[in-house]
Every structure is written in structure tokens, then in C-alpha cells.
Amino acid sequence: MSEKQLTRREFIRIAGMGMGGLAIANPIFDSLKGAILAPDKLPGLYSKRTPTYCEICFWKCAGWVHTNADGDIWKITGNDDDPHSNGRFCPRGTGGVGMYYDDDRLKTPLLRVTENGIQKYKQATWDEAFDFIGNKMNHIRTEYGSESMALFSHGSGGDFLGHLMKSYGSDSITAPSYAQCRGPREVAFFATYGEGISSPERTDIRDTKCLVLIGSHLGENMHNGQVQELSEANGKGATIITVDPRFSIVAGKSKHWLPIKPATDIALLLSWIHVLIYDELYNKKYVEKYAYGFDQLKEHVKTMTPEWAYGITTIKPDVIRKTAKEMANAAPAVIVHPGRHVTWYGDDTQRLRAVAILNALLGSWGQRGGFYYPVKAKLPKYPHPKYPKLKRTWRDDLNGKYNLAGLSLANGFVDASTPTLEKPASLKGWIVNGTNLIHTLPEREKTLAAINALELMVVVDTMPMEITGYADVVLPECTYLERYDMIRVSQNREPNIALRMPAAEPKFDTKPAWWMAKQLANRLGLKDYFPYEDVSELLDWQLKQVGSSLEEMKQIGVKKFVREEDDMYPMTGLEDFEFNTNTGKIELYSTSLEEEGFDPMPQYTAHEEPQSGFYRLIYGRAPMHTFSRTSNNPNLNDLMDENSVWVNPKVAKEWGLKNDQKIWLENQDGVVSDTPIKVRVTERIRFDSVYMVHGFGHTDKRLKRAFGKGASDSDLITRVHIDPIMGGTGMRGNFVTFRFEGKEEVAS
Ligand SMILES: Nc1nc2c(c(=O)[nH]1)N[C@H]1C(S)=C(S)[C@@H](COP(=O)(O)OP(=O)(O)OC[C@H]3O[C@@H](n4cnc5c(=O)[nH]c(N)nc54)[C@H](O)[C@@H]3O)O[C@H]1N2
Ligand SMILES: Nc1nc2c(c(=O)[nH]1)N[C@H]1C(S)=C(S)[C@@H](COP(=O)(O)OP(=O)(O)OC[C@H]3O[C@@H](n4cnc5c(=O)[nH]c(N)nc54)[C@H](O)[C@@H]3O)O[C@H]1N2
Ligand code: SF4
Ligand SMILES: [Mo]
């Protein structure tokens with residue numbers, strides 16, 4: 001659908017969305033037409049459009065913010081030249097306006113004070129806030145070394161705060177998007193191909209003939225370009241195979257839905273590998289040319305037949321064979337999708353290794369319809385003095401573990417901030433920017449214990465989220481619609497860049513992160529690292545280095561460059577290629593894992609099963625929300641204001657549960673959800689599991705719309721299974737039962 005085909009029917013759908021989201025509640029492809037809005041090109045309605053890229057999720061679609069004659073932000077639409085959005089925003093991005101208008105926003109800096117023995121926040125000026133932080137950070141530097149300050153950041157402001165941290169003398173910078181999200185995938189693909197997947201994923205979905213989704217619920221996982229390509233591929237007749245214990249929206253559009261017993265995917269993957277090899281369905285020439293360790297792999301999976309896997313996964317042998325054949329028939333235009341949030345059961349790197357191996361056998365890596373080779377524009381860094389030398393790095397806190405982790409671990413920082421009997425904490429202060437760690441990190445008790453031991457806790461946020469309640473100082477950031485950030489530079493088929501600039505003045509006494517970082521630098525004697533008055537000078541300088549300018553980007557928003565070489569699918573003609581692995585080959589047998597003492601080829605090991613009366617807690621996304629960040633957004637709250645817990649009818653009958661009945665969930669450790677949740681009785685979930693959307697169950701009363709609505713999976717993830725290879729937190733080994741009474745005070 002392009003804006004030129006905007007029909008009356010779609011127009012009604014669009015209108016319908018604002019009135020209650022009916023379009024979005026429909027199955028995926030209908031919903032996509034309604035949900036991904038075509039840009040409105042009606043002339044004269046808006047007086048101005050300003051370029052931006054979206055901050056409602058990390059797909060970072062580029063678009064236009066439309067303001068009316070009074071300068072009020074009116075709506076946001078996609079930028080036609082943007083490869084992330086192709087001119088269409090998802091419902092969340094469209095609803096981004098609500099973030100700007102949310103009257104619950106943080107409005108001024110806040111300082112924790114104690115009055116008459118009671119701790120509370122007092123409104124502070126920016127100077128007071130920076131003086132406080134500056135003093136504390138100077139103290140931490142002298143007393144413990146600058147490496148003892150850490151930054152947790154998920155979002156654009158991290159560029160500036162990260163630069164501040166490095167200038168101050170710390171590389172303790174982390175994000176939950178690694179060890180709680182895609183870390184195992186990156187490590188597994190790196191071990192296999194010498195390259196990661198990164199974001200936006202390098203999956204060539206638009207040209208694929210067969211897409212295999214393993215727990216990857218595209219369509220509910222609303223990463224825009226990917227979902228559009230899925231829709232396009234489906235329209236061209238691509239086969240979709242979905243492996244999910246839940247009948248997800250995309251499962252409903254799939255030729256094969258494999259309702260796998262949770263936590264057994266490795267067995268299915270190994271049996272697929274078995275079938276491809278022993279039924280000689282794999283791409284022999286490709287494997288001979290590029291792969292290392294085929295004979296060992298063949299031996300390894302010898303007994304891992306579909307019959308073997310059936311006993312583990314509950315997927316019938318003939319279905320396993322049939323689906324393996326489907327993949328082979330489509331090869332090399334086939335994608336066994338690596339997913340994105342993959343920290344499930346602790347053996348996640350090995351599961352993703354099995355996915356990577358399967359793709360290698362099908363010859364899909366480096367071929368059209370499989371995985372392409374992405375490129376990125378190169379923007380030179382703005383010159384600044386050298387960062388100080390570090391006495392220790394984040395890796396030192398891991399005590400020699402997780403050497404294959406490419407990035408730092410947020411959970412590792414929590415451990416390093418918690419003093420034990422054996423040693424004091426090595427991290428003493430946190431700046432937390434754009435991440436609601438209370439809902440984001442599993443094992444909340446650990447996070448709280450770490451926070452409790454800190455000497456300084458600063459939170460930079462736009463909303464009074466739970467994490468802000470633990471800060472010594474809260475710094476209110478203006479929303480992405482009111483600020484500049486760094487130029488978006490991300491991988492894609494063609495190099496491209498996108499600009500975000502303010503479409504309106506910051507509301508209240510809020511400021512952008514670049515300004516905060518610069519002010520703090522002044523307090524810390526680091527002025528020279530921020531040698532500009534306004535960040536627009538930096539952006540203009542950078543843009544001019546690549547033949548553009550701020551002026552030009554303000555007009556076009558997105559600039560594409562020409563891909564210099566024709567090397568998007570380098571394995572098409574079996575050309576020579578040296579992979580960035582120890583052997584220079586695709587490693588079916590991983591020498592780097594072996595060197596670190598891990599299984600060089602994936603093994604299936606059984607995971608704990610729910611006790612009687614308990615069900616595995618699984619979770620995912622809803623198309624109209626992003627994690628916990630959007631639940632209070634007036635526009636998106638209007639579309640969906642609470643989550644529900646999906647319960648199989650058999651289970652519901654056993655417990656006497658009815659649709660819409662409010663219950664509490666209690667986990668294996670006796671922890672009860674802070675808030676109640678409505679029951680949804682549905683065949684779409686297996687009898688051994690329950691499902692809920694992550695991001696609800698807020699307990700901060702300052703979030704007027706979201707407070708007490710639905711429940712949080714995070715309340716119940718008190719147990720994690722750490723991936724021994726890279727330290728990710730497997731979060732799906734928790735089991736819940738139902739309780740009919742709970743904490744009433746939040747239920748109001
Ligand atoms: N239980 C459970 N835990 C999970 C997941 C799950 O599904 N279930 N998913 C995991 C995954 S995949 C990921 S990637 C992470 C995501 O983890 P987070 O990114 O921490 O997720 P959010 O809950 O959206 O928290 C975002 C915070 O940023 C704030 N914010 C939004 N916009 C801005 C801005 O412009 N500036 C600033 N300064 N702040 C802003 C929001 O108000 C909110 O407090 O969570 C992981 N943790
Ligand atoms: N609308 C929306 N879209 C988003 C986000 C958002 O917040 N909102 N967040 C984005 C981010 S950062 C990420 S990381 C992605 C995450 O999205 P994905 O990577 O697609 O998915 P997951 O969260 O890993 O998986 C959720 C699915 O896994 C299924 N599942 C649970 N257990 C198992 C199992 O043992 N085996 C199998 N095969 N399936 C299982 C669940 O039923 C559910 O359908 O979404 C992205 N897109
Ligand atoms: S996918 Fe949606 S929420 Fe994410 S960046 Fe794009 S428009 Fe924004
Ligand atoms: Mo994620």
C-alpha cells in the first residue's frame with residue numbers, strides 16, 4: 001500500500017483507529033493496512049513539517065512531524081525515502097504524538113530530600129541538580145576512580161551521556177538490549193559467520209520464498225520494515241512456518257504452525273538439521289565451498305531423528321520432515337529467522353547456533369531471499385580530546401567469564417554494584433537514561449539491592465516511571481519531538497542517514513540529553529569534550545563531511561547514498577569469500593566456542609517442567625505498545641489499556657476461570673504479581689503455559705492512565721537461567737499459578 005493507493009476504505013480504517021483501534025484488533029494483514037498509516041498528503045492542512053526519526057521503538061523509522069499554524073504538533077507520518085519505514089509508520093509511531101502531550105510527563109528536575117524523617121522529591125532548578133550530581137561524581141572519581149560510575153542507557157540520549165562517561169573515564173556503559181534481548185543471537189552468528197545480525201535485521205524477507213519464525217512473532221513484534229516485507233513476501237506466495245506454543249497472529253497466516261512444547265526448540269532444530277543432511281536436502285555445493293566441520297556435524301546429529309524430536313517437542317515426525325522439505329525447496333531464498341528477543345532458557349546462544357547452522361545448510365547466508373550483506377553510511381566523529389586511559393574496563397568485573405560477549409551486560413553491572421562478603425562493589429554510581437530497569441531487568445530484588453548500595457543514582461527520563469522513584473536526582477528529558485539527537489546511521493541495503501530535529505519547543509522545564517551532558521561536563525572539568533554551544537553545530541559539521549548539511553537535511557529528512565559495490569549477495573555465484581572466523585569458513589563446528597570450553601555444536605538438554613498446578617510464564621509484544629514505555633501514552637492507552645493472561649480452556653475449566661475475571665499470578669517462589677490481571681480463555685495457548693504482553697502492571701501512581709492496569713511479567717521473573725557463553729538472562733524458566741486474592745490497594 002502506498003499513499004497513492006489511499007482508498008476510501010483505508011481512510012475509514014484510519015479514522016477508526018483513533019476511535020478505538022478496531023483495525024488493529026484484526027488479524028495481521030488487515031491490521032497492517034489499517035495500522036501502518038499512509039502519509040496524508042492533503043495540501044494546506046499543516047503549515048509545517050519537520051524531520052524526525054521515531055523513538056517509540058528501536059526500529060527508528062524516519063518521518064515528518066506536522067505542526068499546524070499555531071505551532072501545535074498535529075501528527076507524525078513516515079518519510080517515503082526512508083528504508084526503515086517506507087513512508088508508513090506503525091500504530092505506535094503514529095501515536096508518538098501522545099508522548100509529547102502526556103500530562104503526566106516529568107516537568108522539572110527533582111531532588112530527593114528528607115524532611116522530618118520522610119524522603120520525598122523536591123522540585124529543583126537545573127543548576128541545583130547539576131551541582132549535586134557534579135559534586136557526587138567528583139567525589140566518586142577521587143575516592144574510587146572514575147571507572148566506578150556506570151551508565152545504563154537505551155535510547156538516543158545515550159550517545160551524549162556515553163561520550164560524557166568516556167570523557168570522565170569510564171567505559172561502564174550498558175543497555176538492556178544485549179543481555180536481556182539479542183546478545184545470544186549476535187554471539188551465535190558471530191561464532192558461525194564471523195558477523196552478527198544487528199539492527200535492522202539483515203534478513204532479506206521481501207524476496208524470500210520461505211520464512212521460518214521460531215518464537216518470533218512478527219506482526220505483534222511490530223518492527224516496521226520487517227513487517228511490511230513479511231506482508232509483501234506473503235503476497236508473493238512465500239511459505240511461512242511458525243514455531244510457537246501460542247497461536248500468534250502470524251501463526252494464523254502460516255502454512256505450518258508448529259505448537260511446540262516450550263523450551264524444546266533446540267531438539268526441533270537439530271532434527272531439521274538431521275533431515276537436511278540425511279535426506280540429502282542440504283546445499284552441497286555451498287557447504288563444500290564455505291563450511292567447516294560438516295562431517296562432525298553429520299555425526300553429531302546422527303541419532304537426532306524426527307522421531308527422537310517428537311518425544312521432546314510434541315511436533316509430529318511427518319510435520320518435521322515436511323517442513324524441512326519446504327525449506328529445502330525454497331533454498332537458498334529461505335530464512336530461518338534468528339528472532340530478536342532471544343534470552344529465553346539460558347542455552348540461547350546454542351539455540352541460535354542451531355538456527356545459524358540450519359541457514360548455512362540451506363545456503364541462505366549471503367544470498368537473495370536469505371541474509372544480505374548490509375552497508376552503513378560513514379559519518380566522521382566530531383573531533384574531541386582523547387579519552388582518558390582506563391585502569392579497568394567493564395570486562396574486568398566479569399572475572400574472566402563470558403569472553404564471547406561482544407557488549408557489556410546490564411545484569412553484570414547490577415552484580416558489580418552489589419557488595420558481597422568477599423568484596424566491595426566496584427560500581428558506585430549509576431546514570432540511568434531511557435530504561436525502566438524495574439520492569440526491564442529480571443530478578444528485581446537484585447536490582448533493588450544494587451540500587452540501595454549506590455552512592456549516586458541519577459535517572460534521565462521523560463515520564464515518572466518506576467525507575468525514577470529510586471533516583472537521588474531525576475532529570476526530565478524533553479521528548480524526541482522537541483530535540484536534536486545524533487544523525488541516525490544504521491545498516492541497510494543502501495547507506496542512508498536521517499535527521500531528528502525539534503518540531504516544537506520543549507514543554508515545561510525539560511531539556512535534551514545533549515544539553516544535560518554538556519552542562520555536567522562543565523561541572524566535571526570536561527568542557528573541552530563538548531566544544532559547541534548548540535548540538536546543531538556538531539550535526540552540521542558532520543553532515544558537511546559527507547556532502548550534505550543541516551540545511552539540506554532539514555528539507556529532506558533522509559538522505560540515501562549509492563552502494564558502491566555490488567556485494568549485497570556475495571555467495572550467489574559461489575565466489576571465494578573469507579569469513580571472519582578462525583577457519584575463514586562458516587563454522588558448523590565452532591572453534592571459538594571450543595576454545596572457550598563450550599560445546600562446539602549445539603546439544604539439547606531438558607529444561608525444568610512446571611509442577612502440577614503451575615504453568616510456564618511466556619510473554620511477548622502487542623502491536624500498539626512498546627515495553628513499559630507506552631502504556632501511559634494517551635493515544636496508545638486508548639487503543640489498549642491493559643493486558644490479559646491467556647489461559648487454555650482446559651486449564652480454565654480446571655480452575656473455574658472465566659473470561660475477564662481478575663486474578664493474581666503467583667510464581668514458583670511464592671511471589672505474587674503486584675496487580676491483578678484479566679483472564680482471557682483461549683485455545684490459542686498450549687495447556688502447559690500462560691501468556692501475557694510485557695509492559696503493563698505499573699505501580700507508580702504518577703502514571704495516571706497506566707497505574708494498576710494489567711499485570712507485569714517482570715514481577716514474576718524472579719529466576720533466570722544465565723547463558724554460560726555470553727551471560728544473557730534466560731527469563732522463561734518461571735512458572736505461575738492462579739490466586740483469587742492479592743494486593744488490593746493497587747487494584748483500584
Ligand atoms: N519481563 C520482561 N523483561 C524484558 C522484556 C520482556 O519482554 N519481558 N524485554 C526485554 C527487551 S527485548 C528489551 S529490548 C528491554 C527494553 O527495556 P527498556 O528500554 O528499559 O524498556 P521500557 O520499559 O520501554 O523503558 C524505557 C524507559 O525510557 C523512557 N523513555 C522513553 N523515551 C525517552 C526519551 O526520549 N528519553 C529518555 N531519557 N527516556 C525515555 C521511558 O519512559 C521508560 O522509562 O527489556 C527487556 N526486558
Ligand atoms: N509492538 C512492539 N513490537 C516490538 C517491540 C515492542 O515493545 N512492541 N519490541 C521490539 C524488541 S526490542 C524486540 S527484542 C522484539 C521481540 O520480539 P520477537 O523477537 O519476535 O519475540 P520474543 O519476544 O522472543 O517472542 C515472543 C513469542 O515467543 C513465543 N514463545 C514463548 N516461548 C517459546 C518457546 O519456548 N519456543 C518458541 N518457539 N516460541 C516461544 C511467544 O508465544 C511469543 O509469540 O520485538 C520488537 N518489536
Ligand atoms: S516501528 Fe513503529 S514505533 Fe518503531 S520506530 Fe517505526 S514507527 Fe516508531
Ligand atoms: Mo529487545
Side-chain angles (χ1 to χ4, degrees), residues 35-37 52-63 76-78 82 84-85 88-96 99 102 104-106 152-158 161 175-183 199-200 221-228 339-343 410 432-442 444 459-468 475-483 485 488 510 512-513 516 617-621 623-633 636 692-695 697-698 700 703 712-717 729 731-732 734:
I36 294 179
L37 300 181
T52 192
Y53 56 87
C54 183
E55 183 85 8
I56 304 297
C57 90
F58 295 96
W59 201 255
K60 298 187 186 164
C61 296
I76 311 175
T77 58
D82 177 36
H84 297 225
S85 73
R88 291 167 267 167
F89 265 30
C90 89
R92 296 169 298 150
T94 308
M99 190 175 170
D102 194 331
D104 292 340
R105 278 172 63 172
L106 292 169
F152 291 74
S153 180
H154 201 199
S156 310
L161 294 164
S177 45
Y178 194 72
Q180 285 66 49
C181 179
R182 59 195 167 87
S199 178
N221 158 356
M222 200 35 118
H223 273 170
N224 193 347
Q226 218 176 173
V227 179
Q228 291 181 30
R340 184 158 172 135
H341 171 65
V342 291
T343 45
V432 179
N433 170 60
T435 171
N436 189 12
L437 297 178
I438 304 304
H439 280 262
T440 296
L441 295 181
R444 185 176 300 156
V459 175
V460 184
D461 208 300
T462 52
M463 293 295 298
M465 290 292 189
E466 285 76 6
I467 187 68
T468 62
L475 303 179
E477 191 172 24
C478 54
T479 68
Y480 67 106
L481 301 172
E482 303 156 292
R483 66 184 196 229
D485 270 302
R488 185 197 78 188
T510 63
M516 297 179 207
L617 174 66
I618 59 180
Y619 51 80
R621 313 278 174 243
M624 50 298 255
H625 281 286
T626 304
F627 316 120
S628 76
R629 72 180 54 197
T630 53
S631 29
N632 203 67
N633 176 316
L636 300 177
M692 64 201 277
V693 166
H694 168 64
H698 282 284
D700 197 314
L703 301 165
S712 171
D713 55 337
S714 319
D715 294 355
L716 303 160
I717 304 181
T729 52
M731 310 203 284
R732 289 193 184 146
N734 289 269

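Counting convention: from 1, in listed order, for ligands and their atoms alike. What you see below is based on every heavy atom in this structure, not just the backbone, and it leaves out hydrogens, waters and symmetry mates.
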**Prompt:** How far apart are the C-alpha atoms of H698 and H439, what are their side-chain angles, what is the distance that settles it, and do they pass the ring-ring contact (aromatic ring centres under 6.0 Å, His included) test?
**Reply:** CA-CA 9 Å; H698 282 284; H439 280 262; 5.1 Å; yes
Where ligand 3 meets [X] - atom numbers and elements under 4.0 angstrom, heavy-atom basis:
{"X": "F89", "value": "7 (S)"}
{"X": "K60", "value": "5 (S)"}
{"X": "M222", "value": "1 (S)"}

Is the shortest distance from a heavy atom of [X] to ligand 1 less than 4.0 Å?
{"X": "M99", "answer": "yes"}
{"X": "P176", "answer": "yes"}
{"X": "I467", "answer": "no"}
{"X": "R621", "answer": "yes"}

**Prompt:** Any N/O/S of C54 under 2.8 Å from atom 8 (Fe) of ligand 3?
**Reply:** yes
**Request:** Could you point out which residue of S85, C61, S156 forms a side-chain contact (heavy atoms from CB on, under 4.5 Å) with Y53?
**Result:**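 Result: among S85, C61, S156, S156 is the only option passing the side-chain contact (heavy atoms from CB on, under 4.5 Å) with Y53.
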**Request:** May I ask you to identify, for H439, whether its side chain, its backbone, both or neither come under 4.0 Å of ligand 1 on a heavy-atom basis?
**Result:**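 Looking at H439 and ligand 1, just backbone atoms fall under 4.0 Å.
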**Residue portion contacting ligand 1 (non-hydrogen atoms closer than 4.0 Å) for L441** =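 For L441, no heavy atom sits under 4.0 Å from ligand 1.
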Hey, is ligand 1 close enough to [X] that some N/O pair sits below 3.5 Å?
{"X": "T479", "value": "no"}
{"X": "R629", "value": "yes"}
{"X": "Q180", "value": "no"}
{"X": "Y480", "value": "no"}
{"X": "N433", "value": "yes"}
{"X": "Y619", "value": "no"}

**Prompt:** Checking only N/O/S atoms, does H223 have one that is under 2.8 Å from atom 6 (Fe) of ligand 3?
**Reply:** no
For [atom], which protein heavy atom lies nearest, and how many Å away is it?
{"atom": "atom 35 (O) of ligand 1", "result": "R483 NH1, 2.9 Å"}
{"atom": "atom 2 (Fe) of ligand 3", "result": "C90 SG, 2.4 Å"}
{"atom": "atom 4 (Fe) of ligand 3", "result": "C57 SG, 2.3 Å"}

**Request:** Measure the acute angle between the ring planes of H154 and F58, then classify it against the limits of 30° and 60° as parallel, tilted or perpendicular.
**Result:**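 Parallel: the ring planes of H154 and F58 meet at under 30°.
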